2 protein chains.
Amino acid sequence: MEFRHLRYFITVVEQSTFTTAASILHISQPSLSTSIKNLEKELGLILIDRSTRESRITKEGKVLYLEAKKLINHYEHVVGEMKRLKQQGPSELSIGLIESSKFWVPKILANFKQEYKDVRIRLLEVLGLQEVERALNNFDTHLAITNQYIDNKEIETIPIYDEKLVALLPPMHPLKNKSYININDLEGEAFIVCKEGFQTREDILNAFRKSGIKPNVQFELERFETACSLVEDGLGITVVPENYVKYSKKSAFHIKQIHDSNISRTVYLAYDKNRYLPPLVLSFIALVKDFFDDKPDH
Amino acid sequence: MEFRHLRYFITVVEQSTFTTAASILHISQPSLSTSIKNLEKELGLILIDRSTRESRITKEGKVLYLEAKKLINHYEHVVGEMKRLKQQGPSELSIGLIESSKFWVPKILANFKQEYKDVRIRLLEVLGLQEVERALNNFDTHLAITNQYIDNKEIETIPIYDEKLVALLPPMHPLKNKSYININDLEGEAFIVCKEGFQTREDILNAFRKSGIKPNVQFELERFETACSLVEDGLGITVVPENYVKYSKKSAFHIKQIHDSNISRTVYLAYDKNRYLPPLVLSFIALVKDFFDDKPDH
DNA sequence: ATGTTTATATAGTTTTAGACTATAAATAGG
DNA sequence: CCTATTTATAGTCTAAAACTATATAAACAT
């Protein structure tokens, strides 16, 4: 069984006919037929139920398909790494980020660049938990900074720091002069929150749930930036990670600490344990660990 | 670049000579030389510094070696999965069982066989929690009946019923005429319990622990059957799931209810969510659910 | 130095896996 | 019942990968 066979098999499954698969693969239909037949013979399993109308995958075929798909992703990743190496060009470090990590990641990258000058760095916005898992599994990113624990034995998830969530109040809000607020103060207020699937949404809604308060959600959106401008225009209150607003200067809104033990969350560094991590990736992980060992509270 | 080339390359690196690598791979040295040369040509990189004395890997070769090693591991995993699938045969249902489930599983299997006559059914004794997880992850079993909750995102654990644990007393025991006993009555008594790693052991020892009583463990063994015959011979007291003795006729021992809220446990049905579950497995799960929906208390 | 040993490279040949074309067989739909 | 569509089979060609024999290079011993 060579990679070619798996590639062919995957294409047949996805096209569900041999003829179209063959044309996509730029080989003749008989070649593809015999190739799949040989694969089945080698494995001793029937992978595809043939018919003249439309071929259907068997349950054994389904297992191979899912496994092979991942394996081919891995293969493509290795080929990509070698191509990059050949071009002598800069190697690459790609990191998936949550929005609130923007304040500290650049500081680490500054150090990192001193040691690895030619490395091109790709920063990707990651969304939900599934998205993080998919990105790591598919070799889209080497690392992810995430605020939900990933319960997957293939992925190592290291807690790096805890961060508070703070409320943002519009300029003229009645609570603007309090030095801090309680979560109960937010009851009934028009509330702005991330859309379904975004990681911060769950953290915030959980905190409300634990406190027995039902937020009056009026807006759902994708980015903190948008939420901030809605707050500035007096459309409601939102809750964001403290780190997101701590370092920003221009703020027409009021930042208020919330006195509630549920209003905090842990941020993790995650990576795929099974794949080869180049030295530059290990080096970046070490920098992150060092950074937060010195400053335990962030 | 096919799997073969990577395998060859890895062997050369690990042997650090072409000649020995070739003999390990059961090919001739010239074949191996040209194969590696072709790989280098395809990638456009020099992977190995040849010399007559001892070949050394280049910097680029090292990268490929580390990447390829991971990739080949992945490949071997997939091949292993397919071999296991083949050995399992196309229509087999394998279930991991705890001993106390023997009373009801056959009733369900009778129904199941009416619908799926040709399916071979394998019943496996499962042991500890790790054993269950491993068996489900490795395709050893489609399902497991277990009495511990499995906290693993990949595994779905459905509670199906609660069962009491009862004490078995020897024929001439002083407590034989009481209608029920308390857990304190068992203090100091010679006690028979499952060996380390068996699931029921933990349930029973936990119940004692919660009641602040230390059992005087005199025998550790693997099967309830053996425990029963030790009790019959007056060697001590044991505690077993009520369902294990409820339906057996010949009993030279006394079965006593224990009045203690800790002396019960939940039995679960567990399966791997990520794997493809054939229809016959889904059908079996449905039968189990139906069975216990009708009879909520077992 | 120079021959011996050891390892890799090259040349030429055979074998085999995978590609092709042409065509048969099967089946759904008009 | 014919037609269009799809997969399977047969026969052939090609290219990749195996082989054997031998050249070449370098290290080491005498």
Side-chain angles (χ1 to χ4, degrees), chain A residues 1-62 64-65 68 71-72 75 79 82, chain B residues 1-62 64-65 68 71-72 75 79 82:
Chain A
M1 185 168 79
E2 293 289 344
F3 287 116
R4 187 190 313 108
H5 303 116
L6 295 178
R7 262 199 317 273
Y8 287 5
F9 173 66
I10 286 172
T11 309
V12 171
V13 172
E14 292 180 347
Q15 298 303 317
S16 71
T17 102
F18 282 65
T19 312
T20 54
S23 79
I24 286 171
L25 292 164
H26 304 293
I27 59 170
S28 70
Q29 168 269 312
S31 302
L32 182 57
S33 277
T34 50
S35 180
I36 299 293
K37 188 145 265 193
N38 287 339
L39 178 61
E40 290 181 320
K41 199 170 143 193
E42 185 184 341
L43 297 174
L45 295 167
I46 304 293
L47 300 169
I48 291 173
D49 264 337
R50 276 85 154 171
S51 86
T52 50
R53 192 94 208 104
E54 187 178 60
S55 299
R56 290 185 58 202
I57 191 168
T58 64
K59 56 183 193 278
E60 289 82 9
K62 178 89 179 186
L64 180 62
Y65 174 73
L71 184 58
I72 292 297
Y75 173 88
V79 171
M82 298 317 289
Chain B
M1 187 168 74
E2 290 291 338
F3 168 64
R4 186 192 315 108
H5 303 115
L6 295 178
R7 225 178 38 226
Y8 287 4
F9 173 66
I10 285 172
T11 310
V12 170
V13 172
E14 291 180 349
Q15 297 304 315
S16 72
T17 102
F18 282 64
T19 313
T20 56
S23 78
I24 286 171
L25 292 165
H26 305 295
I27 59 169
S28 70
Q29 168 267 313
S31 301
L32 182 57
S33 277
T34 49
S35 178
I36 299 293
K37 186 144 267 191
N38 287 338
L39 177 61
E40 289 181 319
K41 198 171 144 195
E42 185 185 342
L43 296 175
L45 295 167
I46 304 294
L47 300 170
I48 291 173
D49 265 337
R50 276 87 154 170
S51 88
T52 48
R53 194 94 205 104
E54 188 177 61
S55 299
R56 291 186 58 205
I57 191 169
T58 64
K59 192 162 152 280
E60 289 80 12
K62 181 90 182 180
L64 180 61
Y65 173 72
L71 183 59
I72 293 305
Y75 175 91
V79 171
M82 298 317 289

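Throughout, a chain's letter reflects where its sequence line sits, starting with A, and its residues are numbered from 1. Any value given below was found using the heavy atoms of this structure, including those in side chains, with hydrogens, waters and symmetry copies removed. Quantities reported herein were computed from a predicted structural model and do not represent experimental measurements.
Residues that satisfy the salt bridge (Lys or Arg N to Asp or Glu O under 4.0 Å) test with A:Glu14, not counting sequence neighbours, are A:Lys69. Legend: residues meeting salt bridge (Lys or Arg N to Asp or Glu O under 4.0 Å) with A:Glu2, ordered by chain and number and at least two apart, are B:Arg4. In terms of the side chain to side chain contact (heavy atoms under 4.5 Å, CB included) criterion, residue partners of B:Asp49 (sequence neighbours excluded) are, by chain and number, B:Arg56, B:Thr58. Checked against ring pair (Phe, Tyr, Trp, His ring centres under 6.0 Å), B:Phe3 has the following partners two or more places apart in sequence or in another chain: B:Tyr75.
Per the geometry, CG belonging to A:Leu32 stands 9 Å off P belonging to C:dA19, to the nearest Å. When rounded to the nearest whole Å, the span between CZ of B:Arg4 and C1' of D:dA15 equals 12 Å. Summarising the geometry, the separation between CE on A:Met1 and P on C:dG18 is reported as 13 Å, rounded to the nearest angstrom. Between the CD atom of B:Glu2 and the C1' atom of D:dA15 there is a distance of 14 Å, rounded to whole Å. Atom-to-atom, CD1 of A:Ile48 to C1' of D:dA8 comes out at 14 Å; the value is rounded to the nearest Å. Atom CZ of B:Phe3 is separated from atom P of C:dA17 by 17 Å (rounded to the nearest Å). One can place CG of B:Leu25 at 10 Å from P of D:dC19, the figure rounded to the nearest angstrom. Rounded to a whole Å, the CD atom of A:Glu40 is 13 Å from the C1' atom of D:dA8.
The ring pair (Phe, Tyr, Trp, His ring centres under 6.0 Å) pairs that include a residue from residues 6-62 of chain B number zero, where partners must be two or more places apart or lie in different chains.
Between the side chains of B:Ser23 and B:Thr20, no donor-acceptor pair of N or O atoms lies under 3.5 Å.
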Quiz item: For nucleotides 4-14 of chain C, read 5' to 3', which letter fits each nucleotide if B means a protein heavy atom sits under 4.0 Å from the base, S means only the sugar-phosphate is that close, and - means neither?
Solution: ---BBBB----
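Looking at A:Leu64 and A:Leu6, their side chains come closer than 4.5 Å, going by heavy atoms from C-beta outward.
Under 4.0 angstrom from either OP1 or OP2 of C:dC20 there lies at least one side-chain N or O belonging to A:Ser31. Contact check, B:His5 against D:dA17: a side-chain N or O comes under 4.0 Å of OP1 or OP2.
Picking from C:dC20, D:dA17, D:dC19 the nucleotide with the shortest atom distance to the side chain of B:Asn38 gives D:dA17.
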